[in-house]
Amino acid sequence: MLDNAVNWVEKGDKDFSDFRLTDVRRFHGPCRLYGITFYISNTAHPTMSLFGTTAGFGTGGTSVFGSATTDTHNPMKDVEVTSPPDDSISCLAFSPPTLPGNFLIGGSWANDVRCWEVQDNGQTVPKAQQMHTGPVLDVCWSDDGSKVFTASCDKTAKMWDLNSNQAMQIAQHEGPIKSIHWIKAPNYSCIMTGSWDKTLKFWDTRSPNPMMSLQMPERSYCADVVYPMAVVATAERGLIVYQLENQPSEFRRIDSPLKHQHRCVAIFKDKQNKPTGFALGSIEGRVAIHYINPPNPAKDNFTFKCHRSNGTNTATPQDIYAVNAIAFHPVHGTLATVGSDGRFSFWDKDARTKLKTSELLDQPITACCFNNNGNIFAYSSSYDWSKGHEYYNPQKKNYIFLRNAAEELKPRNKKW
Amino acid sequence: MAEAEAEWELCKENIQPLRRGRAISTLTEALSLQQEGSSAITQRTQQAFESELRIYEGDDPLDVWDRYIKWTEQTFPQGGKESNFSVLLERAVMKFTEEKKYYNDVRYVDLWIKFADSCSEPLDIYRYMHAQGIGLMLSAFYIAWSEEYEKRGNFRNADTTLQDGLKCGAEPRDRLKQFHKALQARVTRHVMLGMGQESDDDTMEMEEPNRKTLAELKALGKKKAVAPISRGSSIVNTQPRGLQMKAPMAPVRNSRLMVFDENKGLAESQEPKLESWMGPPSARHKENEQKPDKWTKAKLPQKTRAGLPVVMPAPAKPSFQPFVEECEHTPAVTPCKINPAVNCVLSARKPHREETPLKRLQDWKEQQQQQQAGGSQAPGTNGKPREQSMYCKELLFSGASEFCFEELRAERYRQKHAQRLVASGSGQSAAAGTSAAGTSAASESFCAGQSSSGPSQ
């Protein structure tokens, strides 16, 4: 079944009207085959009681593909998500496995958070939307998939109940909130917010006061949580690891393995599914793989260059781009990085090899994520502000693409 | 008010003096803020300044820097790392070295003077400024320079500097003249004091036969004057800025030479004309110094007779084949220096000891010229291919602390948003209304709009 799963959209033209029943490839896992009527209306789905009916539903969107074939906005010919946000996309998150199906949440600089359902045939259906009073910087799901948490420049974080489509504020900071994560511990559950006001706060969503507030040496730039570990990378190359068992506390401050500003971080797990280290990306085309307690730190920890141009050509200077996001495949443990250069790459950190690099998109790629079973890789193409506001074109369209990730992220066989 | 005064009194040793003095109100405010630990306001103001630095698009960027530095001075009376004061100064100074229009701007020259104060060799800075033509029309420059000379006891040069200033027609002229007169008065007083103390020399020596706590240069042997006396006075008198202490004992041993100094002209303190030294001078009289002698009985391992180090036998080769990694694994390489002026913020290594801010400035200028002349094809100094960062480095690192892309963008958003609020006229009520209504309306359009945009089936 997997053999056919590769490149399931590349048949013929990109015009969606050519898509016929026989061309439907299947995702690994429970396959649901839909008739052509899925184009038209959403009401054919009786199982959609998850969402309330207060807000208007999408009436079955069709993907709007680019018109010209030479258009470089989608050189990888991946599925375009319908109704992308009107401004740069800052974050993407797929629903957890507790929720049947795949739902994608995307936050943007247009102050909105949008939710799409991604169907097995690749169709994306816009579902609902919430607004903040400032650009949205990060989103995350609760573990049961019923709530989405959104963090914004307006210094608040909101909890969006998808059943009722209501959002309420659950956190307040003194500066924009850059990262938000849900923590599910055996004895507590809470939201962790990292902000530019140099604090890391933990919120029980029922109370207006934080459960705990930890002071950081500098502004939080990125964070990741895989229970019982949390990592926060701050300005001035700070790096702090927290342990979340019993209650969150600072575990260790680490000297940065990178020489440039920290930009993104992602925790990876070992074979026993326990968090064991993290990947850290900087603004100068480099990612560091760092284990928390390796047997041999000098050998086990390493960095690699990525998102650079002119690899071997020494005549022209090499252009170095920022690494905007890192995501680990939930099954294979391989990782994806997306950069300011407009490419994404897949890597196998154990074999220390690159698995694939994409073609060049005409815009930077700002965010990426995998769905819960690792079959779908979502990445967004929009301006990341890497060259300041002079290069900002508000008219330029922003995109979110979906790619089949089952095959391309398989680790290399050679292990050592 | 009395309480406020008491607070100031309690920590006045820690407060760094400013040339222009401190406003007592801001001083007490800053001190009380620090005590209460409410640094949030300070942080926010600092962040606001940093943002302003990056967003500013007007004609006078110096203004932002100037206000930021003045605010930092007032808010952090003790100086210290948090204020990033020295980093800021250096940045500000370097940023505008190409802008000739600021060369005779009072604010810019003030920044240079503050910068010079914080360096170990202010005279070098002043000389550099003179060579570049910075501040030549401003008396503040000449005054600061001559003050520096005066500190070192180089009255001749101090005088010359002021006269230069008068010749160049520096403004404000009156201040320069006033200062000149004052300098001359000080010099005369100094001379008189020196002459007056000659008779006290013998008695003083007998009173303190053994231990001299603030011992200065002494001539060894019976001869009283061997080296130029100015050496001793310059070392003792050069105190941290602002404090001009007189040495407890008369620094002038040989008043005869003092008179000569006035007219003949002293040699520069860096290049003295030496009489023969009886022995090396002790810069400072250290009391618990030991003479060097044998430390232990241990011996170093012998070198071979040829002087080559003994070669250890090579380790035996391992019996297995070591695994060769894939080429993707590159050891962590240090990126080559692109902009030395920026590295002081990012670099993990401590700055090289001999590197002074002035040297950094000169290096940076050289590099700028090289870049303009040589183009980007030349390989880097390490021989490795040059690298080019494809992001707005200047914007990210222009202030004292760094920004990330999102912070830049958020700042611009905030500005635009504030402008919009002001422009809308009806103020905040209108904005609140639209945002609440917008929530449901926007989501309606997000989902419902698809029927019109999708192709009909």
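Values below: every heavy atom of this structure, side chains too, minus hydrogens, waters and symmetry copies. A, B, ... follow the sequence lines: proteins, then strands. Residue 1 opens every chain.
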### Summary
Applying a strict 4.5 Å limit to non-hydrogen atoms, the region of A:Y392 in contact with chain B is side chain
#### Entry: Interchain contact, A:A235 with chain B, by part (heavy-atom threshold 4.5 Å)
both
### Message
Can you tell me which of A:E218, A:R263, A:E174 forms the most heavy-atom pairs within a distance under 4.5 Å of chain B?
### Response
A:R263
### Query
Who wins among A:A288, A:S88, A:S340 for the most heavy-atom pairs under 4.5 Å with chain B?
A:S88
Strictly by modelled atom types, are [X] and [Y] linked by a side-chain donor-acceptor pair under 3.5 Å?
X	Y	value
B:S86	B:S118	no
A:K198	A:S195	no
A:T234	A:S220	no

### Query
Thinking salt bridges, do A:R114 and A:D86 make one under a 4.0 Å N-O criterion?
yes
### Message
Tell me whether B:R409 is salt-bridged to A:D87, with the criterion being a basic N under 4.0 Å from an acidic carboxylate O.
### Response
yes
### Message
I need the single residue from A:D112, A:T150, A:N111 that forms a side chain to side chain donor-acceptor pair (under 3.5 Å) with A:H132. Which is it?
### Response
A:T150
Where on [X] is there a heavy atom nearer than 4.5 Å to chain A: the side chain, the backbone, both, or neither?
X	result
B:L395	side chain
B:R54	neither
B:E407	both

